[in-house]
Amino acid sequence: MEKTWRWFGPKDKITLDMLRQIGVEGIVTALHHIPNGEVWTYDEIMKMKNFIESYGLRWSVVESLPVCEAIKYAGAERDSLIENYKESLANLGRAGVRTVCYNFMPVLDWARTDLEYPNPDGTSNLYFNKAEFAYFDCRILCRKDAERDYDEATLERMEKLAEGMDEDGRKRLVDNIIVKTQGFVNGNISEDELKPVEKFRELLALYEGVTRDDLRANMKYFLEAIMPVCEQWGVNMCVHPDDPPLQILGLPRIVTCDEDIEWFLSAVDNSHNGLTFCAGSLSAGAHNDVVELAKKYASRTHFAHLRICNVMPGGDFKEASHLDPRLIEVTRIFERENPSVPMRVDHAPLMLGDGEMGYNAGYSFHGRMLALGMVAGIMATVNTEKQ
Ligand code: DNO
């Protein structure tokens, strides 16, 4: 696999010079300064591409070219937004940047309740606490009938937690779930949003009455519309699985499991319609066997995210080590079945001063460097086995 790294552009504290020194071959980035829905012009794309190449690296993957909400819920602007999307794809193709990651998650891109969950060794990790998430949903968002979506045990834990909850705790949950994890991925809520909860409620309202079947139909509509451009320019689209791969906040989610993946790949059966194999997101659902999924979908994977989660009995989950046996096996499968696919790590621990650097949540330097070293070691070992 190609060793890539998610870099957030010239303002990123982690520089391309640093990345060259740690064995990174390709860069994963986006034109973060262009608002969602606007066309990425050829000139803007080339500026970024030339900048990356001036450091001896290449722009391997776009993550992400965001799909606007109106495309997902089929709003009135959907066709004009799709036209813009097609133009951006054609410009990327012409510039030779031909792997494009996106997601089809309504409103919320990814969800965690804790961004600095302490480990016994002094490092910290991202963490998803289901009871805290339920508290956010039922007591902060106050979504109608939200309680119905949680089992008894989770509601009990939520009640206990509510007893000790104060304003700081509530603010921390809002920050973690809908602000800090969203803004930097070009999500709907930016860091300077003054009323994030109100804004979030408005976004949820856009999906009232939108079912999983509707969302599937909208994804199919989008993919069918862009495939001719992808074919013309050799652009490979790769959808990121839903993180976590569960139905949350009453929103439909459609990239959560084997059946979902099979559905979107066959609904638009074109080799340019592929998957971002995010082992981490998929493993956050106890129903998914990542190793089996890797075997099944390696050939339709255009991009791999290597990390892995441990799901606890109550539904909480936590990022696990990049040396987890499941991840070793997934790496082995990709090295054998799809060795040229770009791969990156993420959601590694905060360590050795990472916490003071203000990095985007899940995108530490030392933690990711260690994780990349681990995965590179697995790859090298697997390649020895091959001979
Ligand atoms: C989180 C990321 C996601 C991913 C998008 C792709 O760390 O993996 O935000 O970039 O879902 O569109």
Side-chain angles (χ1 to χ4, degrees), residues 4-9 12 14 27-32 34 36-37 40 60-69 71-72 85 88-89 92 99-115 125-128 176-191 219 222-223 226 236-246 248 251 253-256 260-261 264 273-285 290 301-309 317-319 322 342-350 359-364 367-368 371:
T4 67
W5 183 278
R6 190 174 197 183
W7 175 73
F8 293 97
D12 196 324
I14 300 163
I27 294 300
V28 174
T29 195
L31 300 184
H32 289 284
I34 300 187
N36 290 359
W40 290 13
S60 306
V61 181
V62 171
E63 182 175 0
S64 302
L65 183 56
V67 177
C68 291
E69 296 299 331
I71 296 179
K72 296 178 196 164
Y85 204 97
S88 299
L89 286 179
L92 282 164
T99 303
V100 176
C101 171
Y102 68 103
N103 72 71
F104 222 79
M105 286 175 256
V107 184
L108 201 62
D109 182 318
W110 60 296
R112 293 294 183 280
T113 55
D114 199 337
L115 309 181
N125 266 109
L126 302 172
Y127 191 94
F128 182 89
N176 291 350
I177 299 172
I178 62 175
V179 183
K180 285 190 185 147
T181 43
Q182 304 304 305
F184 76 91
V185 290
N186 288 44
N188 288 310
I189 309 241
S190 59
E191 293 263 353
M219 184 176 181
F222 165 72
L223 285 170
I226 62 171
N236 286 330
M237 297 299 295
C238 38
V239 72
H240 189 284
D242 302 341
D243 182 2
L246 310 165
I248 56 169
L251 293 164
R253 310 250 281 184
I254 56 168
V255 192
T256 65
D260 282 351
I261 299 173
F264 86 83
N273 172 28
L275 177 67
T276 294
F277 193 94
C278 179
S281 303
L282 292 166
S283 63
V290 272
T301 294
H302 296 311
F303 184 26
H305 285 185
L306 295 190
R307 63 179 180 86
I308 197 97
C309 290
F317 65 85
K318 184 179 172 219
E319 313 283 339
H322 286 72
M343 166 285 290
R344 73 166 180 81
V345 298
D346 64 359
H347 299 197
L350 287 175
Y359 296 134
N360 292 327
Y363 292 89
S364 64
R368 269 194 294 167

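If you read the sequence from its start, that first residue is 1, and numbering goes on from there. Indexing begins at 1, ligand by ligand and atom by atom, following the structure's order.
- Taking the six-membered ring where tryptophan is involved, the planes of Y363 and F184 are perpendicular, since the angle between them exceeds 60° and thus also 30°.
- The six-membered or imidazole ring of Y85 lies away from that of Y102, with a centre-to-centre distance of 6.0 Å or more.
- The aromatic rings of H32 and F8 lie tilted to each other, with the angle between the two planes from 30° to 60°.
- Put simply, the side chain of R368 never gets that close to the backbone of R344: no donor and acceptor are under 3.5 Å apart.
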Start with the C-alpha distance between D12 and T29, add both sets of side-chain angles, then the distance that settles side chain to side chain contact (heavy atoms under 4.5 Å, CB included), and finish with yes or no. CA-CA 11 Å; D12 196 324; T29 195; over 6 Å; no

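- Protein residues having at least one heavy atom under 4.0 Å from any atom of ligand 1 are R6, E63, S64, C101, Y102, N103, M105, D109, W110, V185, H240, H305, R344, D346, H347, Y363, listed by chain and number.
- Among the candidates H305, H322, E319, the single residue satisfying the side-chain hydrogen bond (donor to acceptor under 3.5 Å, both in side chains) test with H347 is E319.
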